[in-house]
Amino acid sequence: MRRRDFVFGAGTSSYQIEGAAHADGRLESIWDRFCATPGKVLRGENGDVACDHYNRLDEDLDILKRLGVDAYRFSIAWPRVMDEAGKPNARGIDFYKRLLDGLGARGIKAFVTLYHWDLPQYLEDRGGWLNRDTAYRFAEYADLMSRELAGHGDVAAWTTHNEPWCSAYLGYGDGHHAPGLKNNRWAAQAMHHLLLGHGLALPILRANAPQALHGIVINCAPGYADKDTAEDRDAASLFETYQNRWVLDPLLKGEYPADLWRLWKGCEPLVLDGDMDIIKRPIDYLGINYYSRAVLASKGPDTIDWVRHPEVERTTMDWEVYPQGLQDLFEAFKRDYANLPPLYVTENGMSSHDTVEGGEVNDLQRQAYLKGHFAACSRAMDNGVDVRGYFVWSLMDNFEWAFGYERRFGLVHVDFETQQRTLKRSALAYADFLKERAAG
């Protein structure tokens, strides 16, 4: 963490914080539809209001300024900025212009994500990411936004997709996320079209925003064998194939990992001539979202069984706290991919049961979690991994997808009834750290 140009930030996403679901011409998203489907989201909650960020923009930008971050990572709501015919919605676009201008006025760089899972519902009605045409509609959306937002704020980076693994597998494979479909063959095809959309958008973004970095953000986790046997080691490798290499190999090698089809037999996607050349177009940076690790055992050939050790520290997501996994992951990527671009930790954080007591939120576990992961990242950098930035997830408590408002990841506590923001002790510690760093 000793590089002077190292970027520290915090992140959010549109559907999780904006609210204003029916304001200023915003169309329905797949998450609006999913939340309205009984049994899909805890307690039937939704993002209609969320953190009301759409109406509290300046207050939230002032919090970012108070933290002293170098950069803010946020996403654009596709349903907010264009209609079914692809025409721009000026009222929705104006919100992001004001957001970028507000960041610029406060000296904060913008890391802009185009897709953080809120696909317009009308595109899902036409097949969503199972329809190859959606990749081309995504490229048009990327073109519109990178042109419309040119000249506003200081956009340091454009990100095509956040976590295509979640969009593809959780959305189309196991049904845990919108649109709630369940078929591994569909997950594989959705992933291909997500990555195709990424590749199609890259040259457009470069042309419209030549000053910015252009890349993609993926969620990764290292797999560890439960027992030191050939079978468990194979299970751990299979896990990393489906969790990491399913996305990284197409992006950096131009091919899908063959072992994936051991796990999902007969699920290979339809790939047209030239697709992989588009998908593997060079990127300026790779964002890595890291939260935890997986411990694996084999239940037989070509199988994975997750092993849960009850004695280890966990978050309220039931994820093991394992900072060393971040170092292990980064050093493995450096070893396995000769053309690995510079890395950013684009999400790292934890959920906990945070309550305001006496005007304070004393989230000691989060402070220790972040300190441990900062140290693991620093060790990877000492060992030659090119890491350029670190974004804490998330700026504020928000709508945590299928878990509704129960799981709190924020540096800032949000009372969802009053919309009162309270900086947690972790936020104050982060601000102190960044202040000391700036002074040094």
Side-chain angles (χ1 to χ4, degrees), residues 8-21 23 43 45-77 80 95-96 98-111 113 116 153 315-317 347-367 369-370 390-401 403-435:
F8 279 103
T12 63
S13 86
S14 51
Y15 191 76
Q16 293 181 274
I17 68 165
E18 285 180 2
R43 297 188 294 262
E45 292 170 339
N46 60 53
D48 284 2
V49 177
C51 304
D52 197 31
H53 174 67
Y54 192 80
N55 297 308
R56 298 170 186 267
L57 179 60
D58 285 334
E59 177 185 359
D60 292 339
L61 294 180
D62 285 344
I63 290 173
L64 285 165
K65 179 68 174 177
R66 164 73 178 84
L67 290 177
V69 294
D70 305 308
Y72 174 50
R73 177 177 175 252
F74 67 92
S75 75
I76 296 169
R80 199 181 287 288
F95 170 74
Y96 298 104
R98 290 189 290 112
L99 197 169
L100 286 173
D101 289 341
L103 289 172
R106 292 165 177 82
I108 301 170
K109 296 179 183 298
F111 277 61
T113 301
H116 199 128
T315 72
T316 58
M317 292 294 285
E347 288 183 22
N348 178 241
M350 60 160 284
S351 66
S352 59
H353 293 303
D354 299 322
T355 57
V356 181
E357 297 179 3
E360 294 186 346
V361 181
N362 194 12
D363 55 339
L364 287 172
Q365 188 187 15
R366 180 173 291 104
Q367 293 174 66
Y369 179 101
L370 292 173
Y390 206 113
F391 290 76
V392 176
W393 184 269
S394 63
L395 172 62
M396 64 183 86
D397 295 335
N398 54 37
F399 177 76
E400 188 48 44
W401 307 110
F403 293 106
Y405 294 96
E406 182 184 85
R407 313 292 167 94
R408 293 181 176 270
F409 275 89
L411 292 167
V412 177
H413 182 278
V414 178
D415 182 320
F416 293 108
E417 291 186 7
T418 66
Q419 295 297 335
Q420 175 71 34
R421 273 81 159 134
T422 304
L423 271 67
K424 302 177 187 179
R425 290 289 294 274
S426 59
L428 300 174
Y430 194 28
D432 287 346
F433 165 72
L434 294 175
K435 186 176 181 180

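- Side chain of Ser75 to backbone of Ser14: a donor-acceptor contact under 3.5 angstrom is found.
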**Asked** Given Val392 and Leu411, is the side-chain contact (heavy atoms from CB on, under 4.5 Å) satisfied, shown in steps?
**Response** CA-CA 8 Å; Val392 176; Leu411 292 167; 3.9 Å; yes

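- Within the 3.5 Å criterion, the main-chain N or O of Gly47 finds a donor-acceptor partner in the side chain of Tyr15.
- The closest side-chain heavy-atom distance from Ile63 to Val412 is below 4.5 Å.
- Within the 3.5 Å criterion, the main-chain N or O of Thr113 finds no donor-acceptor partner in the side chain of Arg73.
- Looking at Phe95 and His53, their side chains come closer than 4.5 Å, going by heavy atoms from C-beta outward.
- In terms of modelled atom types and a separation under 3.5 Å, the side chain of Glu400 and the main chain of Gln16 share no donor-acceptor contact.
- Between Val414 and Gln419 the shortest side-chain heavy-atom distance falls below 4.5 Å.
- The only option from Lys424, Arg408, Arg425 that meets the side chain to side chain donor-acceptor pair (under 3.5 Å) definition with Asp354 turns out to be Lys424.
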**Prompt:** Where do Arg66 and Leu428 land on the side-chain contact (heavy atoms from CB on, under 4.5 Å) test, with the steps shown first?
**Reply:** CA-CA 9 Å; Arg66 164 73 178 84; Leu428 300 174; 3.4 Å; yes

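- For the pair Asp397 (side chain) and Gly410 (backbone), a donor-acceptor distance under 3.5 Å is present.
- Salt bridge annotation for Asp58-Arg98: absent, with no cationic side-chain nitrogen under 4.0 angstrom from a carboxylate oxygen.
- Figure legend: cation-pi geometry between Arg80 and Tyr54, with NZ or CZ positioned under 6.0 Å from the six-membered ring centre and within 45° of its axis.
- Note that CD of Glu18 and CG of Asp60 are 11.0 Å apart. Values are rounded to the nearest 0.5 Å.
- Summarising the geometry of Glu45 relative to Gly404, their closest heavy-atom pair is OE1-CA, 3.3 Å, with the distance given to 0.1 Å.
- Put simply, the side chain of Asp70 gets close to the backbone of Phe8: a donor and an acceptor are under 3.5 Å apart.
- Distance check, rounded to the nearest 0.5 Å: CG of Leu57 to CG of Leu99 gives 5.0 Å.
- Taking 4.5 Å as the limit, some side-chain heavy atom of Tyr430 sits within range of a side-chain heavy atom of Val69.
- Annotation for Ala429 and Gln367: closest pair CB-OE1, 4.1 Å, computed over non-hydrogen atoms.
- For the pair Leu395/Leu67, a side-chain contact is recorded, criterion being any heavy-atom separation below 4.5 Å from C-beta on.
- Under the 30°/60° scheme for interplanar angles, the aromatic rings of His116 and Trp401 are found to lie parallel.
- Closest approach of Ala110 and Leu100 over heavy atoms only: CB-CD2, 3.4 Å.
- For Tyr405 and Phe399, the distance between ring centers is under 6.0 angstrom.
- Using modelled atom types, one side-chain atom of Tyr369 and one backbone atom of Gly349 make a donor-acceptor pair closer than 3.5 Å.
- Note that the CZ atom of Arg407 and the OG1 atom of Thr315 stand 8.0 Å from one another [nearest 0.5 Å].
- At a threshold of 4.5 Å between non-hydrogen side-chain atoms, the residues Phe409 and Ser352 do not count as touching.
- Shown here for Leu103 and Leu61, the closest heavy-atom pair between the two residues is CD2-CD2, 3.6 Å.
- Between Phe74 and Tyr96, the two ring planes are parallel [angle under 30°; tilted spans 30° to 60°].
- Counting only N and O atoms by type, the side chains of Thr12 and Ser394 include no donor and acceptor under 3.5 Å apart.
- A donor-acceptor contact shorter than 3.5 Å links the side chain of Asp363 to the backbone of Ser426.
- The two residues Cys51 and Phe416 have their closest heavy-atom pair at SG-CE2, 4.0 Å.
- Atom CZ in Arg421 sits 5.0 Å away from atom CD in Glu59 (nearest 0.5 Å).
- Inter-residue side-chain proximity for Leu64 and Arg106 is flagged as unmet; no heavy-atom pair is nearer than 4.5 Å.
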